Amino acid sequence: MSALIAATAFAATVAAGQDLRKARVAEWKPIVAKFQKPSALRAAWQLINSVALYVLLWFLMYWSLKISHLLTLSLTILSGAVVVRVFIIMHDCGHGSFLKSKLANDIVGFVAGIVVFTPYYHWRWEHSLHHASSGDLDRRGTGDVWTMTVQEYLDSSRWMRFVYRLARNPFVLLVIAPVFLFVFRQRFSSRKANSRERWSVWWTNLGVLGMALTLSWVFGWKMYLFIQLPITTVAGAIGIWMFYVQHQFDGAYWERGEAWDYTVAALQGSSFYRLPKTLQWFSGNIGFHHIHHLSPRIPNYNLERCHRAHPIFQDVKPVTLRSSLNSARLHLWDEERRKLIGFRHFKRLQKRGADTGANARNLPHARRLC
């Protein structure tokens, strides 16, 4: 009898949860629909002020080398930031949101992909998997930041734990990873990719090679590498950091299986990265990531207006430049406490468990970690 009552109560709870989800969807869907319409004028202006500015900065960097390397460095940072903005244009094209025409989105996206060393169709395919599974512990692994749970980390070999800690190291994440990802990794396709995605990689490689050979012929190959590699490193570091903060932050949402909810994953599992207006411009408004995950069909130039349209979006706690630095100290998802924790916090939990005799099965791991 008690089992029947418990089962009935559980079914009622599930039904209530489903009703709540439907209510949430009914609330936000009509709002975001108003901002999903692309604007040819705004898209054209964004293309002009992004691509033209990048070309100008590239030539200024070449010219500045005759005056001051410090000036060149400052222009490198600006150029890298503009590349991030170009990447966001490609990103929007991949979602079919930048322009009204699918063909126009694909053409602009492909060309922008060459500029940012990223195969458009292949990246679009992987990114769609990220959107479909963001915040779902059972569907991690494609287009996201490698994230282990505490138990997975405990069950891993010493070598695997070393690799994971290395991947989470800020120097590796923001210096080595950008060069590896955009210069080398993006030159190859995934084994799971279909023929269009595979061909996208090869056509992009040809485009990148053509661009590199042309600029090397004009400026010399040494000068090209001296200018392009730092730009790619800076742009990659900014881009990876932005993506990291957007899903690895204090209060992030992760769930398993049927408990996972699309709306909650968007509003709680994707951060509202509140940036100064200048940085917001360079990052193509992608700091409004909770809005973007709620509706990827909203072009970047409409994200802020959508955010301001309803209190349900504004109730999301913002991540600031200062508070985002805390994300670098978050490494593991603690399923018991339902939050991201750092390696130091993890060691303290292990020590506390060892001192109290708890979690005895994992004591050998604790000794190796401390």
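None of the values given here were measured: they were computed from a predicted structure. Here, residue 1 is the first one in the sequence, and each next residue gets the next number.
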Main-chain N/O of [Y] paired to [X] side chain as donor or acceptor, under 3.5 Å:
{"X": "Arg124", "Y": "His91", "answer": "no"}
{"X": "Ser97", "Y": "Asp92", "answer": "yes"}
{"X": "Asn302", "Y": "Ile298", "answer": "no"}
{"X": "Tyr262", "Y": "Leu294", "answer": "yes"}
{"X": "Arg168", "Y": "Arg329", "answer": "no"}
{"X": "Ser216", "Y": "Leu213", "answer": "no"}
{"X": "Thr118", "Y": "Val116", "answer": "yes"}
{"X": "Tyr164", "Y": "Met148", "answer": "yes"}
{"X": "Ser128", "Y": "Trp125", "answer": "yes"}
{"X": "Ser200", "Y": "Arg196", "answer": "no"}

Provide the closest heavy-atom pair for [X] versus [Y] in the form atom of the first, atom of the second, distance.
{"X": "Gly284", "Y": "Ile88", "answer": "O-CG2, 3.7 Å"}
{"X": "Phe35", "Y": "Pro299", "answer": "O-CD, 3.4 Å"}
{"X": "Leu181", "Y": "Ile240", "answer": "CD2-CD1, 4.4 Å"}
{"X": "Thr204", "Y": "Pro119", "answer": "OG1-CA, 3.3 Å"}
{"X": "Val82", "Y": "Ser50", "answer": "CG1-O, 3.3 Å"}
{"X": "Gly80", "Y": "Ala235", "answer": "O-CB, 3.3 Å"}

Indicate if [X] and [Y] have the same hydrophobic cluster label, given that clusters are the connected sets of ILVMFWY residues with side-chain heavy-atom separations under 4.5 angstrom.
{"X": "Val245", "Y": "Leu321", "value": "yes"}
{"X": "Trp199", "Y": "Leu103", "value": "no"}
{"X": "Leu206", "Y": "Val201", "value": "no"}
{"X": "Leu137", "Y": "Trp260", "value": "no"}
{"X": "Leu275", "Y": "Ile291", "value": "no"}

Could you check whether the rings of [X] and [Y] sit parallel, tilted or perpendicular, using 30° and 60° as the cut-offs?
{"X": "His290", "Y": "Phe272", "result": "tilted"}
{"X": "His69", "Y": "Phe226", "result": "perpendicular"}
{"X": "Phe180", "Y": "Phe184", "result": "tilted"}

In Å and rounded to the nearest 0.5 Å, what is the OG to OH distance from Ser270 to Tyr253?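 Nearest 0.5 Å value for the OG-OH distance: 11.0 Å.
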If you round to the nearest 0.5 Å, how far is CD of Gln268 from OG1 of Thr263?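 Atom-to-atom, Thr263:OG1 and Gln268:CD are 10.5 Å apart.
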Atom [atom1] of [X] with >12 non-hydrogen neighbours under 6.0 angstrom:
{"X": "Trp281", "atom1": "CH2", "value": "yes"}
{"X": "Trp241", "atom1": "CH2", "value": "yes"}
{"X": "Trp159", "atom1": "CH2", "value": "no"}
{"X": "Leu70", "atom1": "CG", "value": "no"}

If we only count heavy atoms from C-beta on, is the [X] to [Y] side-chain gap below 4.5 Å?
{"X": "Leu330", "Y": "Lys339", "answer": "no"}
{"X": "Asp250", "Y": "Leu340", "answer": "no"}
{"X": "Arg140", "Y": "Thr149", "answer": "yes"}
{"X": "Gln246", "Y": "Ser271", "answer": "yes"}
{"X": "Ile89", "Y": "Leu47", "answer": "yes"}
{"X": "Ser39", "Y": "Tyr301", "answer": "yes"}
{"X": "Ile231", "Y": "Trp58", "answer": "yes"}
{"X": "Thr232", "Y": "Val183", "answer": "yes"}

Donor + acceptor pair across side chains of [X], [Y] (<3.5 Å):
{"X": "Arg198", "Y": "Tyr121", "result": "no"}
{"X": "Ser323", "Y": "Thr320", "result": "yes"}
{"X": "Asn285", "Y": "Gln280", "result": "yes"}
{"X": "Ser295", "Y": "Gln36", "result": "yes"}
{"X": "Tyr244", "Y": "Ser327", "result": "no"}
{"X": "Thr147", "Y": "Gln248", "result": "yes"}

Quick test of your reading of the model: are [X] and [Y] salt-bridged, counting only N-O distances below 4.0 Å?
{"X": "Lys192", "Y": "Glu197", "result": "no"}
{"X": "Arg161", "Y": "Glu152", "result": "no"}
{"X": "Asp106", "Y": "Lys102", "result": "yes"}

Pair His247, His293 - check ring-ring contact (aromatic ring centres under 6.0 Å, His included), show working. CA-CA 11 Å; His247 296 286; His293 265 262; 4.9 Å; yes
Are Tyr54 and Ser79 close enough, and set up right, to give a side chain to side chain donor-acceptor pair (under 3.5 Å), and what steps lead you there? CA-CA 6 Å; Tyr54 178 53; Ser79 299; over 6 Å; no
Do [Y] and [X] have ring centroids that are under 6.0 Å from one another?
{"X": "Tyr62", "Y": "Phe219", "answer": "yes"}
{"X": "His307", "Y": "His292", "answer": "no"}
{"X": "Tyr224", "Y": "Trp221", "answer": "no"}
{"X": "Phe243", "Y": "His130", "answer": "yes"}
{"X": "Phe87", "Y": "Trp123", "answer": "yes"}
{"X": "His331", "Y": "His345", "answer": "no"}

Residue from Asp138, Asp261, Asp136 passing salt bridge (charged side-chain N to carboxylate O under 4.0 Å, His left out) with Arg256: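 In the set Asp138, Asp261, Asp136, the residue that makes a salt bridge (charged side-chain N to carboxylate O under 4.0 Å, His left out) with Arg256 is Asp138.
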Determine, for Phe313 and Arg308, whether the Lys NZ or Arg CZ falls below 6.0 Å from the six-membered ring centre while staying within 45 degrees of the axis.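 Ring-cation test returns no.
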Looking at Trp254, is Arg338 sitting on its ring face, NZ or CZ under 6.0 Å from the six-membered ring centre and within 45 degrees of the normal? no
Apply side-chain contact (heavy atoms from CB on, under 4.5 Å) to the pair Val83 and Val115, showing each step before the final yes or no. CA-CA 8 Å; Val83 169; Val115 175; 5.5 Å; no
Where do Phe110 and Asn105 land on the side-chain contact (heavy atoms from CB on, under 4.5 Å) test, with the steps shown first? CA-CA 8 Å; Phe110 183 81; Asn105 275 315; over 6 Å; no
